[in-house]
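One-based numbering along the sequence shown.
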Amino acid sequence: MDVPPPININSNNFLHQFRAFIRSRGLAYTTEKTYIHWVKRFIYYQGYTARNEINAEHIHRYLDHLAVEMNVSPNTQKTALNALVFLCREFLHQNTEQLSFKRATKKTKLPVVFSHQEAKAVIAHIPLPYQLAAQLMYGSGLRINESLRLRIQDIDLKTSSLTVRNGKGNKDRQTLLPKTLHDGLHEQMNHVRSLHNQDLRNGFGEVYLPYALSRKYAGKAKQIGWQYLFPARELSIDPRSSRKMRHHITDRTLQSYVKKAIFKAEVVKQAGCHTFRHSFATRLLENGTDLRNIQELLGHADIKTTQIYTHVAGLHHSGVISPLDK
């Protein structure tokens, strides 16, 4: 699901050309899919039939439509805005500085957070190796795909740290690695080595490498350090190279196990995989960790994004006592 399919860069298809332009800018595949989605909706809404009909001055009408008629959230409207500005300003070289539109009403929405006991209860109902991926989301503050895309070389048991590569915004960062997971990670890495040796004996053993590293460094794609920490059960055809490789576990599979575990643990919250990451940040804040350190561990570009957790943790540790408890 996170593998960009090959495209013909010489195609006359407008969306194919736009996709190629997005990839030339090095944007994440999730961003590419999001931008294509909103550009398609914009074109359909405006009724465009040709490239030269697309006009940046029409963006405000569509954004008004999203806010007033579709009643979308502020974040959804902002995502659409980013996609359409990228289309018109970057791809079509049109002026977008004079945009004026009705902004969707912003509502304060606090993230859903597990208590420590709830997080442990949910994790206990998840089978291995998916349990280990969930533990990394809670113990290291990883997003779901950051956990699933980990490679063997990203784990450093000596320093109890792990490296997240090409995270949100294509940024690398380091975060802490719980010592309680060392044994489980060591066992999982041994499993990966065993599986990789089996693949090599069968004439396979390659894994996808970013930025065409497999062409630049022959043989790296078969090195153990580049193998995924959470490999898929079966080999599959990589659409980029048409070669048979072993990808990582899909996010949908892990999401399904987490949802079932939440139900079994009888946690009555609208929670999911990302709740572990919210809970990680909240626990650190409750324990007195500096907000800047939490921002760095989470990989937030803006401190304002991290500050939302002060609203979750603040009341419980500010000394405020309910009058009923007095």
R246 NZ/CZ over Y228 ring centroid, <6.0 Å and within 45° of normal:
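The answer is no; the distance or angle limit is not met.
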Is it the case that the side chain of [X] and the backbone of [Y] share a donor-acceptor pair, with hydrogens and angles ignored and the cut-off at 3.5 Å?
| X | Y | result |
| --- | --- | --- |
| K33 | A28 | no |
| T34 | T30 | yes |
| Q94 | A56 | yes |

Hey, does [Y] have a side-chain heavy atom less than 4.5 Å from the side chain of [X]?
| X | Y | value |
| --- | --- | --- |
| Q131 | H125 | no |
| L229 | D154 | no |
| S11 | R19 | no |
| I155 | L150 | yes |
| M70 | Q77 | no |
| C88 | I54 | yes |
| R277 | Y138 | no |
| L254 | V258 | yes |

Would you compute the distance between atom [atom1] of [X] and atom [atom2] of [Y] and round it to the nearest 0.5 angstrom?
| X | Y | atom1 | atom2 | value |
| --- | --- | --- | --- | --- |
| L136 | Q188 | CG | CD | 10.0 Å |
| Y62 | I43 | OH | CD1 | 10.5 Å |
| E118 | T275 | CD | OG1 | 10.0 Å |
| N145 | I249 | CG | CD1 | 12.0 Å |
| L185 | L177 | CG | CG | 5.5 Å |
| Q270 | I262 | CD | CD1 | 9.5 Å |

Joint hydrophobic cluster, I36 plus V72, side-chain heavy atoms closer than 4.5 Å:
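Cluster IDs for I36 and V72 match.
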Linking I/L/V/M/F/W/Y whenever any side-chain heavy atoms sit under 4.5 Å apart, do L200 and L235 land together?
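No; L235 is not reachable from L200 via cluster members.
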Quick test of your reading of the model: are K220 and E206 salt-bridged, counting only N-O distances below 4.0 Å?
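Answer for the salt bridge query: no.
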Shortest non-hydrogen contact from [X] to [Y]?
| X | Y | value |
| --- | --- | --- |
| Q135 | L181 | OE1-CD2, 3.4 Å |
| S147 | M137 | CB-CG, 4.1 Å |
| L298 | A281 | CD1-CB, 3.8 Å |
| I303 | R292 | CB-NH1, 3.9 Å |
| G225 | R151 | O-CB, 3.6 Å |
| S161 | Q174 | OG-NE2, 4.0 Å |

W38, F42, Y45 screened by side-chain contact (heavy atoms from CB on, under 4.5 Å) with L66, the one that passes
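Of all the options given, the one that passes is W38.
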Using ring centroids (six-membered ring only for Trp), state whether [Y] and [X] fall under 6.0 Å.
| X | Y | value |
| --- | --- | --- |
| Y35 | F86 | yes |
| H247 | Y208 | no |
| Y48 | F14 | no |

Run the side chain to side chain contact (heavy atoms under 4.5 Å, CB included) check on L81 and L63 step by step: do they pass?
CA-CA 7 Å; L81 171 64; L63 295 178; 3.6 Å; yes
Can you tell me how the ring of H274 sits relative to the ring of H278, calling it parallel under 30°, perpendicular over 60° and tilted otherwise?
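Aromatic pair H274/H278 classed perpendicular.
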Given E146, H300, E296, the one that forms side chain to side chain donor-acceptor pair (under 3.5 Å) with R173
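Result for side chain to side chain donor-acceptor pair (under 3.5 Å) with R173: E146.
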